[in-house]
2 protein chains.
Amino acid sequence: MEVADRIGRAGATLTPAERRVAEVVLEQPQLVAFGTVADLAEASASGAATVVRLATKLGFDGFTGLQASVQHALANQLRPAAERIREPAASDAISRHLQLEVGNVTTTLTSLSDEALAAVVARLSDTTGRVLVLSGDASLGVAQQLVSELCSLRDGVLLVDGNDVAVRRTIALAGEGDVLVVLDLRRYDRWVVEGARAASAQGVWCVAVTDSLLSPLASLAEHTFTVAAAGGGPFDSHVGTLALANLLVAGVADRLRAQAADRLDRAEAAWRAAESLVDR
Amino acid sequence: MEVADRIGRAGATLTPAERRVAEVVLEQPQLVAFGTVADLAEASASGAATVVRLATKLGFDGFTGLQASVQHALANQLRPAAERIREPAASDAISRHLQLEVGNVTTTLTSLSDEALAAVVARLSDTTGRVLVLSGDASLGVAQQLVSELCSLRDGVLLVDGNDVAVRRTIALAGEGDVLVVLDLRRYDRWVVEGARAASAQGVWCVAVTDSLLSPLASLAEHTFTVAAAGGGPFDSHVGTLALANLLVAGVADRLRAQAADRLDRAEAAWRAAESLVDR
DNA sequence: ACTGGTATGGAACGAACGTTCCAACACTCA
DNA sequence: TGAGTGTTGGAACGTTCGTTCCATACCAGT
């Protein structure tokens, strides 16, 4: 830290009161970043003037300069790992994409809460109701991946898709026991938002996977997962979204272990009988 | 974060200007913790009064209360990891998945040669031929994502799918100028392998995206990309595959910049005319 | 004991800040 | 088209903060 260096360098020339202040600065940087001169003076049992004198003696432009330095240090420290990694600065396209996608996965998975995850997995594992998945056009493939894998684990999972008539009918037939997973990022597809709104109004339990808590989908949902989708090309990246989907699928598989294993075995038997799968 | 919860809860009742402020609060919490009302107002292109109104609408005691909340959240976040682990703590399942998926992306993108990538992107950007995408059932969603995005950039991209009759006809009609992207992981779908073999025999230029150089698909293809697909649940993870697909799409977009931009503009105009997309 | 120099914190000053009020504006509905 | 409602940002107000000044306390050397 910039400040620590300066304190170390000037350490010998500090007066007793200044030294007490410096110790507080090193041990409670939050107090410097968020607090005032008076706060620091009280914490170090000294006067406000001593605090300012220390700051100038360290070469800062008054307490304001000291505070700014500590704030910058803290801001760097709590920047997402994804951004900090960027410092080596990738030159070629591949490593730039690598950093981008790793950042998407990291941000998406670290910003999600255990409680929300557990609650959503529990509902997705409840086979008394159906699971509807509604997705914007841009993320349709990822949604299909989620549906396909959930279908392998349990009954009653379907992608809400097709034309306007079919979509509205499907949603109209959804009931209170059902779950709607709605997936869309900014520049939301209007029909997706309207569909989710209709479902929510009917008492369907909604989960939103979207880009921001300010998404129109977030306000409809019981739980919202925000995904990072920084893309290197003209489109959003759904890598983070897919990682989240995998996490949900794994959770459901874990909860439905017995039934799911049975289902997978039956499919396996059918494939074996038809020799649908080959090893090489 | 406390603030994020409140924003998510009140999200629907926010006015446009308040929403802009809320976005800045979520994306740049440092600005709230270290900055002033005026800073936030400037960053969100709104007035100071709007900032204060948002804070009170969220249930805080003015901007001061909002700032204190963000400061506490930040202070908790930057406490030594040793202390942080003790808290609610992200569950083991999440961080295990995180490592897994980051590993998939990293392995997939780093084991990629520049030359192969450039060659494949060049062929995918060649609009004199078509691009066929053939995928195993397990990765169909990712394939669809690739097709959908390539379709936005150029003509003549199609997913080879449907029943046996349709698939064989589509492949039979493919010629030497066409490119086949074949995507499948171990326990290969027989029909995919057969389809790729048929296409290759007809002189179609093939790219394989698969799990190993020993895959039956690799021997048919001009270029093979191996993807890492370690999954935490019962299924393979296609996160690495999707990251690769994004890289290909970005490359094509770059090479076809002019035409692609025109296509995207036309789509944009159609969406605008129909108001298909909404911002909130 | 006295003196010169330093260290220290209280108090006053000026600047910056958060808050509140209000006029202008945009939008909706009749 | 006009009335009414809700939204927005500018400006004034009172407060808090950082800074500076200065009287007091402390210490070492004579």
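Proteins get letters first, then strands, A, B, ... in listed order; numbering begins at 1 in each. None of the values given here were measured: they were computed from a predicted structure.
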- Query: Can you find a side chain N or O atom of A/T50 that sits less than 4.0 Å from OP1 or OP2 on C/dA7?
  - Reply: no

- In this structure, which one of B/L40, B/V32, B/V51 forms a side-chain contact (heavy atoms from CB on, under 4.5 Å) with B/V24?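 Only match with B/V24 under side-chain contact (heavy atoms from CB on, under 4.5 Å): B/L40.
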
- Item | Start and end of chain B contact along DNA chain D [non-hydrogen atoms, under 4.0 Å] | D/dT7 to D/dG10

- Task: Mind running a 4.0 Å heavy-atom check of residues 41-48 of chain A against DNA chain C and sending the residues that fall below it, in number order?
- Result: A/A45, A/S46, A/G47

- A/A17 near the nucleic acid: base, sugar-phosphate alone, or nothing, with a heavy-atom cut-off under 4.0 Å?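 Sugar-phosphate only.
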
- NA contact type, A/D61, heavy-atom cut-off 4.0 Å: base, sugar-phosphate, or nothing? sugar-phosphate

Using a strict cut-off of less than 4.0 Å between a Lys/Arg side-chain nitrogen and an Asp/Glu carboxylate oxygen, indicate whether [X] and [Y] qualify as a salt bridge.
X: B/R263; Y: B/D155; answer: yes
X: B/R272; Y: B/E268; answer: yes
X: A/R19; Y: A/E23; answer: no

- Query: Can you tell if the side chain of B/R53 reaches within under 4.5 Å of the side chain of B/T50, non-hydrogen atoms only?
  - Reply: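 Yes - at least one pair of side-chain heavy atoms lies under 4.5 Å apart.
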
- Query: Are A/F225 and A/V181 side-chain neighbours, meaning at least one heavy-atom pair lies under 4.5 Å?
  - Reply: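 Counting from C-beta outward, A/F225 and A/V181 never come under 4.5 Å.
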
- Message: Any side-chain to backbone donor/acceptor pair from A/N104 onto A/A230? Under 3.5 Å, distance only.
- Response: yes

- Task: Please check if atom CD in A/E194 has more than 12 non-hydrogen atoms from other residues, nucleotides or ligands closer than 6.0 Å.
- Result: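 Result for CD/A/E194: enclosed.
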
- Query: For A/R53 and A/A38, take the nucleotide of DNA chain D holding the closest heavy atom to each; which residue's nucleotide lies nearer the 5' end?
  - Reply: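 Comparing both residues, the 5'-ward one is A/A38.
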
